[in-house]
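Basis for what follows: all heavy atoms, side chains included, without hydrogens, waters or symmetry-related copies.
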Amino acid sequence: LSLSFSLAFISHHALSLTPCRPAWGLSLSLLLPSIRRLVLSDNVLTTLTGLERLLCLRELDVRNNRLATIDACRAIGTLPDLEQLFVAGNPVCDHSGYLTDIRKLSSPPAARLVIDGHAK
């Protein structure tokens, strides 16, 4: 059985990808490996660990979660096709350099990545 989706909307469901429980993200990547747009806004995510295998992902919306550090967002650097990222409303956005810090996660830094509507 092969599932092919371009959008998954999982919001307001109190999801939590904690460092101790990344299995949810792993399961998602196995079920939806070709997902292009993923909406995980308004949950209680503390990390993006587990999303590393979503290699076709182009848009990720994780607004209004509990991502507190750049390290919690590290999985962003493993998403080669990511073009749009929405991260506003997380504690990580409270410092003025968060846009630059998130861009630095990918190697080389993603020149085309638009974060919260801000292009490079």
Side-chain angles (χ1 to χ4, degrees):
L1 175 66
S2 175
L3 298 174
S4 179
F5 293 92
S6 63
L7 168 65
F9 185 81
I10 306 167
S11 184
H12 296 89
H13 292 284
L15 292 175
S16 176
L17 290 178
T18 63
C20 300
R21 294 180 21 200
W24 184 87
L26 179 61
S27 298
L28 182 66
S29 67
L30 293 175
L31 289 172
L32 305 170
S34 61
I35 190 82
R36 295 191 184 279
R37 182 174 180 224
L38 180 59
V39 178
L40 295 171
S41 61
D42 299 295
N43 285 290
V44 290
L45 303 179
T46 58
T47 182
L48 299 181
T49 300
L51 300 182
E52 295 89 346
R53 295 176 133 181
L54 299 177
L55 300 179
C56 296
L57 198 62
R58 291 190 179 171
E59 183 178 326
L60 177 60
D61 184 345
V62 292
R63 287 179 277 204
N64 303 314
N65 278 284
R66 295 184 184 165
L67 301 169
T69 65
I70 292 299
D71 194 53
C73 302
R74 191 151 309 279
I76 292 167
T78 65
L79 304 173
D81 291 341
L82 193 64
E83 296 173 354
Q84 292 274 337
L85 174 65
F86 300 96
V87 71
N90 284 282
V92 72
C93 301
D94 291 343
H95 79 294
S96 61
Y98 86 96
L99 292 171
T100 301
D101 291 344
I102 288 176
R103 283 186 202 290
K104 288 179 183 176
L105 291 174
S106 57
S107 180
R112 72 175 193 261
L113 181 61
V114 176
I115 304 170
D116 292 333
H118 299 280
K120 187 169 182 171

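- The structure places CD1 of I35 at 11.0 Å from CG of L51, a figure rounded to the nearest 0.5 Å.
- Using modelled atom types, one side-chain atom of D61 and one backbone atom of R63 make a donor-acceptor pair closer than 3.5 Å.
- In this structure, L67 and T47 approach most closely via the heavy-atom pair CD2-N, 3.4 Å.
- At a threshold of 4.5 Å between non-hydrogen side-chain atoms, the residues D101 and H95 count as touching.
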Practice item. Report the C-alpha separation of D71 and R74 in whole Å, then their side-chain angles, then the decisive distance to 0.1 Å, and conclude whether the side-chain contact (heavy atoms from CB on, under 4.5 Å) test is met. Key: CA-CA 5 Å; D71 194 53; R74 191 151 309 279; 2.8 Å; yes
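- No donor-acceptor pair under 3.5 Å is formed between the side chain of D94 and the backbone N or O of V92.
- The shortest non-hydrogen separation linking N65 to N43 is OD1-C, 2.9 Å.
- Residues I102 and I76 have side chains in contact (heavy-atom distance under 4.5 Å, counting atoms from C-beta outward).
- One hydrophobic cluster holds both V62 and L105 under the rule that ILVMFWY side chains link at heavy-atom gaps under 4.5 Å.
- The structure places CZ of R103 at 4.0 Å from CD1 of I115, a figure rounded to the nearest 0.5 Å.
- Applying the salt bridge (Lys or Arg N to Asp or Glu O under 4.0 Å) rule to R58 yields no partners; only residues at least two apart in sequence or on another chain are considered.
- At distances below 3.5 Å, at least one donor-acceptor pair connects side-chain atoms of N90 with backbone N or O atoms of R66.
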Hey, can you pull the donor-acceptor pairs under 3.5 Å for the side chains in residues 80-89, sequence neighbours left out?
none

Practice item. Start with the C-alpha distance between L38 and L54, add both sets of side-chain angles, then the distance that settles side-chain contact (heavy atoms from CB on, under 4.5 Å), and finish with yes or no. Key: CA-CA 10 Å; L38 180 59; L54 299 177; 3.8 Å; yes
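- The two residues A68 and P91 have their closest heavy-atom pair at CA-CB, 3.9 Å.
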